[in-house]
Amino acid sequence: MVWPTLTRGLAEALRAAGIDVADRVERIELQIPREPDHGDWTTNVALTLAREAKRPPRAIAEAVAKAFPLAGGPFAAVEVAGPGFLNFRYGDAFLAALPARIASDGTTFGRSEFGRGTACLVEYVSANPTGPLNVVNARAAAVGSTLVRLLEAIGHRAEGEFYVNDAGRQVDLLGASLAARFAERAGIARAFPEDGYQGAYLRDLAAALPEAEARAALARPDGTAWFRDAALERVIEWQRRDLEAYGVTFARWFRESSLHASGAVDETLRALEARDVVYRAARPEVGGDEDEPEAAQGEATWLRTSRFGDEKDRVLVRANGVPTYLLPDIAYHRDKRARGFRHGIDIWGPDHHGHITRMQAALAALGAEPDFLEILIAQQVNLLSGGQPVKMSKRAGEFITLRDLMDDVGADCAKFFFLMRSTSAHLDFDLDLAKRQNDENPAFYVQYAHARIASVLRYAAERGLAASGEATPSAELEIPEARALIRKLATFPELVRGAAVMREPHRVPTYLVETAAAFHRFYHACRVVTDDAARSRARLAIAAAARQVIANGLALMGVSAPERMERAAEAAT
RNA sequence: GCGCCCGUAGCUCAAUUGGAUAGAGCGUUAGCCUCCGGAGCUAAAGGUUACAGGUUCGAUUCCUGUCGGGCGCACCA
C-alpha cells in the first residue's frame, strides 16, 4: 500500500527541511487528485504548515521535494505546483508491476492494516419486530453491511448487529392486534386496538395460529402476552429470512428483553444514579413545558441529559414504574462497551434523528468516551414508479417491503442503488430504471464490465493464452487508455480506506462506474487477444487486474460479480 | 416556534475529512461494429453550486442570515 510509505517519506523529508511533524504524521493530508496533470498523489502539507513554520509554502515545498526519498519507492518524481502543492508521480516500474501484483493479491487487493485491529460494532436495521421490513430498512441493510466489510478491509475487527426491540409498548400493541385479528376470524367480538397494526400480515398470522391454544389465550385476562410472543417470534423470523435472501446477515441479533432479564437495565440505572445525573420529579427541571398537562402523571425518573448538550432532560422510568425505550437503549450501548468494542456506529432511520443528541448525552452522562458512538442517518427513500411517487401508508399497513423490492428489481440492483447515494441524502429510487436491464442501469454497467472481461479471459483460454505474470512491457504502458486504467486500479486501496474512514460507502459504486468506464475505453483502444502472444498476455494481465478490482469492489457492496450475463429477452420491438 | 437533513446541468446524483479548470449517468444532437460480449465507445450542447454576507493563500465544502423541500419535536419506539 502506498499510503504508509508516502506518509513516512514525507515526515522524513519535512524533518530534513527543519519541520518536525513526528507526533502528527497521520494527520498529513494526502489525496489522489482528480486532475491527472496533478500527479498520482498530492499533499498540501507545505500550505498548511506555512503559518507555523513562518516560511512561504513554496519554499517549504521545494525543500521537501528535494529531501523526499524517492529511491526504492513507487514514485519516480515529485513536483512543486501552484501555491505549494507537492505532486507525486508513479514510476513506470510501479505501474508495470501492478497487474501482476493485483493477480497475486487476489481478493485481498485493496485491504490494509490502517485500523490496527480496533473492535468496532455496527448496529443497523434494528427495525421493530412488528411487521415486514420497509425500504429504509433495506437501505440501512445495504449501507450497514457494506460498512462492516469496509471496516474489516482496513483492518478493524468489525461486527454487525441487529438490536431487537422485543420489549415495551409497541410489541404489546402487536400482541393485542394479533389477538383482535384472531378473534375476528373466530367470530368473537373484540375491539381492534387503537393505533394497532393494520397490516394484512397479521391476518395471515392469525390464520396460522394453533386454534385451541389461541382460543384459550384469548379467554385469559393476560392472554395478549401469548399472542405477543407468537407474533414476535414469527415476525423476527420473517425479517431474518428476508434479510438473508437480501444477502445481509448479522453476527448477532441482540434482544432488548435479554437486558431486562439479565438485570442490565437496573444496573444501568444504578450506574447513572451513582454519577448523580438522575432525579425524580413530576416534570423536568430543565426544558419542561409550563403548560404540560402530563405533569399530573406523577413522579418519573429523569436523566439530566441537558447537562450534556440536550435541550431538555429525558424520562428514564415513567411514573408507573415502566422504563421508557431510552433506559434499555443506554444499557445496550453500555453493554457494547463492556463487550470490548472501542467504537460503535449506529445506523438509524430518518424518524430517529431527533434522538441523536439525547443518546450522545446519555452516554456522556455515563462517562463514555465522547467519540465512542457515531450515529449515521439512513435518509428517507422515495419510490418512484412511472415518474410518480409510490403512495404508502404505514398506518394502514400498506407499504412496499424489502421483499417486494427484491421481487421487483432484484437484490443486487436494490443494493447498488441504495449504495450509490450518500447515506445522509434523501434518495429517489426509480423502480422503472432499476428494473430495466439495459445501459441506463448503472448496476448493470458495472456487472457487464465484469462479465465482459470474464468472457475475454475465457476466449483467450480457449486459445491457450493466459495473463502474463511479468511486468507490463513499456510499449503497453505508453498506450494512454492502458495507463489510465492501471492508474485507476492503483487507487483502489486508497478508495477503500477513504470510504471506510469517512463512513461513505457510496464512494465504492462511484469508483466502480469510473473503473468500468476506464476498462471499456481500454478495451476499445486495445484489442486484447491478437496473434502477438506476448502482447496478448500483457493485455490479458491488465484486463484480469481490472476484473479483480471490480470483483473486490462489488464484494464490498455485497453485489454479485457475474461471469456471464444473459441478455434479457428484448421487449417486442 | 425549536432542532436535524437537504438545495449542484432539463432529470437523478458525484465532487476524495477546505484544494488546483465543479464531474458522471439519463435525456437531446452528431458519429463508431469484416475482429475478443454494441448491456460498449467518441464528440457536441448543457452551470451565477438556491440567495446575501463572512472566515483565508484557496469555499460546492466551514460560519451567520434569508428563501425553498423533507423529517422530527411523548412519561411511543
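Every chain is numbered from 1, with letters handed out A, B, ... down the list of sequences.
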Would you check if the side chain of A:Asp40 reaches a backbone N or O of A:Tyr90 as a donor-acceptor pair within less than 3.5 Å?
-> yes
After noting the C-alpha distance and the side-chain angles of A:Leu419 and A:His506, does the key distance pass the side chain to side chain contact (heavy atoms under 4.5 Å, CB included) rule?
-> CA-CA 5 Å; A:Leu419 291 167; A:His506 74 270; 5.8 Å; no
Which part of the nucleic acid, if any, lies within reach of A:Pro33 when heavy atoms closer than 4.0 Å are counted: base, sugar-phosphate only, or nothing?
-> base
Side-chain N or O of A:Tyr332 closer than 4.0 Å to phosphate OP1/OP2 of B:A77 | no
CD1 on A:Ile479 to CD1 on A:Ile542, rounded to 0.5 Å | 7.5 Å
Hey, does A:Thr357 have a side-chain heavy atom less than 4.5 Å from the side chain of A:Gln360?
-> no
Pairwise P distance, B:C26 and B:G40 [rounded to whole Å] | 7 Å
A:Met359 CE to B:A77 P: how many Å, rounded?
-> 14 Å
Which one, B:C57, B:C75, B:U16, comes nearest to the side chain of A:Ala319?
-> B:C75
Quick one: does A:Ile377's side chain get under 4.5 Å of A:Thr423's, heavy atoms only?
-> no
Keeping the roles fixed (side chain from A:Gln239, backbone from A:Asn128), state whether a donor-acceptor pair exists under 3.5 Å.
-> yes
Between B:A77, B:G40, B:C36, which nucleotide has the shortest distance from any of its atoms to the side chain of A:Arg527?
-> B:C36
Quick one: do A:Asp346 and A:His333 satisfy side chain to side chain contact (heavy atoms under 4.5 Å, CB included)? Show the steps, please.
-> CA-CA 10 Å; A:Asp346 287 6; A:His333 285 87; 2.6 Å; yes
What's the CZ-C1' distance between A:Phe417 and B:A14, to the nearest Å?
-> 15 Å
Over all heavy atoms of both residues, which pair between A:Pro284 and A:Asp313 is shortest? Give the atoms and the distance, please.
-> CB-CB, 4.2 Å
Less than 5.5 Å between centroids and less than 30° between ring planes, does A:His506 satisfy that with B:A14?
-> no
Is any side-chain nitrogen or oxygen of A:Arg421 closer than 4.0 Å to OP1 or OP2 of B:U12?
-> no
Would you indicate, yes or no, if B:U17 has its OP1 or OP2 atom less than 4.0 angstrom from a side-chain nitrogen or oxygen of A:Arg503?
-> no
Where along nucleotides 1-11 of chain B does protein come under 4.0 Å, by heavy atom, of base (B) or sugar-phosphate alone (S), with - for untouched nucleotides?
-> --BBBS-----
Partners passing salt bridge (charged side-chain N to carboxylate O under 4.0 Å, His left out) against A:Glu161 (at least two apart in sequence or in another chain) | A:Arg252, A:Arg339
Heavy atoms under 4.0 Å, any strand shown: does A:Ala525 hit a base, just sugar-phosphate, or nothing?
-> nothing
Test the A:Arg421-A:Phe417 pair against the cation-pi criterion, namely NZ or CZ under 6.0 angstrom from the six-membered ring centroid and within 45° of the ring axis.
-> no
Look at A:Thr510 and B:C13 and indicate whether a side-chain polar atom (N or O) is within less than 4.0 Å of OP1 or OP2.
-> no
Which is true for A:Arg169 with a 4.0 Å heavy-atom rule: it touches a base, it touches only sugar-phosphate, or it touches nothing?
-> sugar-phosphate
Please state whether the phosphate of B:G37, meaning OP1 or OP2, lies under 4.0 angstrom from any side-chain nitrogen or oxygen of A:Arg564.
-> no
Is any side-chain N or O of A:Asn44 under 3.5 Å from a base N or O of B:A20, one able to act as donor and the other as acceptor?
-> no
C1' atoms of B:G58 and B:C13, separation to the nearest Å | 26 Å
Could you check which of B:U21, B:C35, B:A14 has an atom nearest any side-chain atom of A:Glu35?
-> B:U21
Per-residue pairing states of RNA chain B in dot-bracket (Watson-Crick or G-U under 3.5 Å; . unpaired, | other strand) read (((((((..((((.....[...)))).(((((.......))))).....(((((..]....))))))))))))....
Does A:Thr42 get its side chain close enough to the base of B:A20, under 3.5 Å, for a donor-acceptor pair?
-> yes
Quick one: label A:Gln380 by what it contacts on the DNA or RNA (base, sugar-phosphate, nothing), any heavy atom closer than 4.0 Å.
-> sugar-phosphate
Expressed in angstrom and rounded to an integer, what is the separation of A:Ile375 atom CD1 from B:G72 atom P?
-> 18 Å
According to the 5.5 Å centroid and 30° plane-angle thresholds, does A:Tyr523 stack upon the nucleobase of B:G40?
-> no
